[in-house]
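No experiment lies behind these values; they were computed from the predicted model shown. Values below: every heavy atom of this structure, side chains too, minus hydrogens, waters and symmetry copies.
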Amino acid sequence: DVQLQASGGGLVQAGGSLRLSCAASGFTFDRYAIGWFRQAPGKEREGISYISNSDGSTDYADSVKGRFTISSDNAKNTVYLQMNSLKPEDTAVYYCAARYPSAIKWVWRLPSIWDYWGQGTLVTVSS
């Protein structure tokens, strides 16, 4: 069975940092793409970053570009999201997702195209 386990959320002050982890199992990790999404109360789920483990390509939403960094450790089947300079508006439940990376470059922000989802991890940024 495919499993994605997101962890690393917590409470942090504005300007602080957190590193989220997404541990994956049940599929060929180095052939898939992993995406990070977030959902704040009353808002739609937002795609914030992805990495393709097959070719290393990455992309970021404008709202996090320059502050967040996605990386992958194929030996550990884990993708990380390093979040720096956190802002109160980054407060949300963060989810990781997986799919085969074909044609993903133009559509990765759409939650509907991702095949597998992990449970969320809550990030709260206080002002």
(message) Does any part of the side chain of Thr69, heavy atoms only, come nearer than 4.5 Å to the side chain of Tyr60, both counted from C-beta?
(response) yes
(message) I want to check a possible cation-pi pair here: Arg19 against Tyr80, using under 6.0 Å from ring centre and within 45° of the ring axis as the test.
(response) yes
(request) List the atom of Asp90, the atom of Ser85, and the distance in Å for their closest heavy-atom pair. (result) OD2-O, 4.4 Å
(message) Check for me whether the distance between the ring centres of Phe37 and Tyr95 falls short of 6.0 Å.
(response) no
(request) Measure the spacing between OG of Ser57 and CG of Asp55 and express it to the nearest 0.5 Å. (result) 3.5 Å
(request) Find out whether Arg67 and Met83 are in side-chain contact, i.e. whether some heavy atom of one side chain is under 4.5 Å from a heavy atom of the other. (result) no
(request) Supply the atom-to-atom distance Asp59 CG to Ile48 CD1, rounded to the nearest 0.5 angstrom. (result) 12.0 Å
(request) Decide yes or no for Thr121 and Leu20: does some side-chain heavy atom of the first lie under 4.5 Å from some side-chain heavy atom of the second? (result) yes
(request) Measure the shortest side-chain to side-chain distance between Arg99 and Ile113 over non-hydrogen atoms and say whether it is less than 4.5 angstrom. (result) yes
(request) Kindly compute the distance separating OH (Tyr116) from OH (Tyr32), expressed to the nearest 0.5 Å. (result) 5.0 Å
(request) State, yes or no, whether a side-chain contact exists between Thr78 and Phe29 at a heavy-atom distance under 4.5 Å. (result) no
(request) Go through the side-chain N and O atoms of Glu46 and Ser63 and say whether any donor and acceptor fall under 3.5 Å apart. (result) yes
(request) Would you mind checking if Lys65 and Asp62 are paired as a salt bridge, meaning a charged N to carboxylate O distance below 4.0 Å? (result) yes
(request) Check whether any side-chain heavy atom of Thr91 sits under 4.5 Å from a side-chain heavy atom of Arg38, and report yes or no. (result) no
(request) Tell me, please, whether Trp117 has Arg45 positioned over its six-membered ring: NZ or CZ under 6.0 Å from the ring centre and within 45 degrees of its axis? (result) yes
(message) Please find the pair of heavy atoms, one from Leu4 and one from Ala24, that lie closest to each other, and give the distance.
(response) CD2-CB, 3.6 Å
(request) If the plane angle is over 60° it's perpendicular, under 30° parallel, otherwise tilted; pick one for Trp108 and Tyr50. (result) tilted
(request) May I ask you to check whether Ser72 and Asn74 show a side-chain donor-acceptor distance below 3.5 Å? (result) yes
(message) Hydrophobic clusters here meaning ILVMFWY residues chained together by side-chain heavy-atom distances under 4.5 Å, can you tell me if Val79 and Tyr100 are in one?
(response) yes
(message) Apply side chain to side chain contact (heavy atoms under 4.5 Å, CB included) to residues Ile104 and Trp114 and explain how you reach the verdict.
(response) CA-CA 10 Å; Ile104 199 172; Trp114 294 84; 3.4 Å; yes
(message) With a 4.5 Å cut-off on side-chain heavy atoms, are Leu81 and Val64 touching?
(response) no
(message) Contact between Trp36 and Phe68 at the side-chain level, heavy atoms closer than 4.5 Å - yes or no?
(response) no
(message) Within this structure, what is the CD1-SG distance for the pair Ile51 and Cys96, rounded to the nearest 0.5 Å?
(response) 13.0 Å
(request) State, to 0.1 Å, how close Ala98 and Ile34 come at their nearest heavy-atom pair, and which atoms those are. (result) CB-CD1, 3.7 Å
(request) Verify, without hydrogens or angle tests, whether Gln119 (side chain) and Ala6 (backbone) share a donor-acceptor contact under 3.5 angstrom. (result) yes
(request) Locate the shortest heavy-atom distance separating Ala40 from Ala92; write the atom from each residue and the value. (result) N-CB, 3.8 Å
(request) Using only heavy-atom distances, determine whether the side chains of Asn84 and Gln82 contain a donor-acceptor pair under 3.5 Å. (result) yes
(request) Start with the C-alpha distance between Val2 and Asp115, add both sets of side-chain angles, then the distance that settles side chain to side chain contact (heavy atoms under 4.5 Å, CB included), and finish with yes or no. (result) CA-CA 10 Å; Val2 172; Asp115 296 321; over 6 Å; no
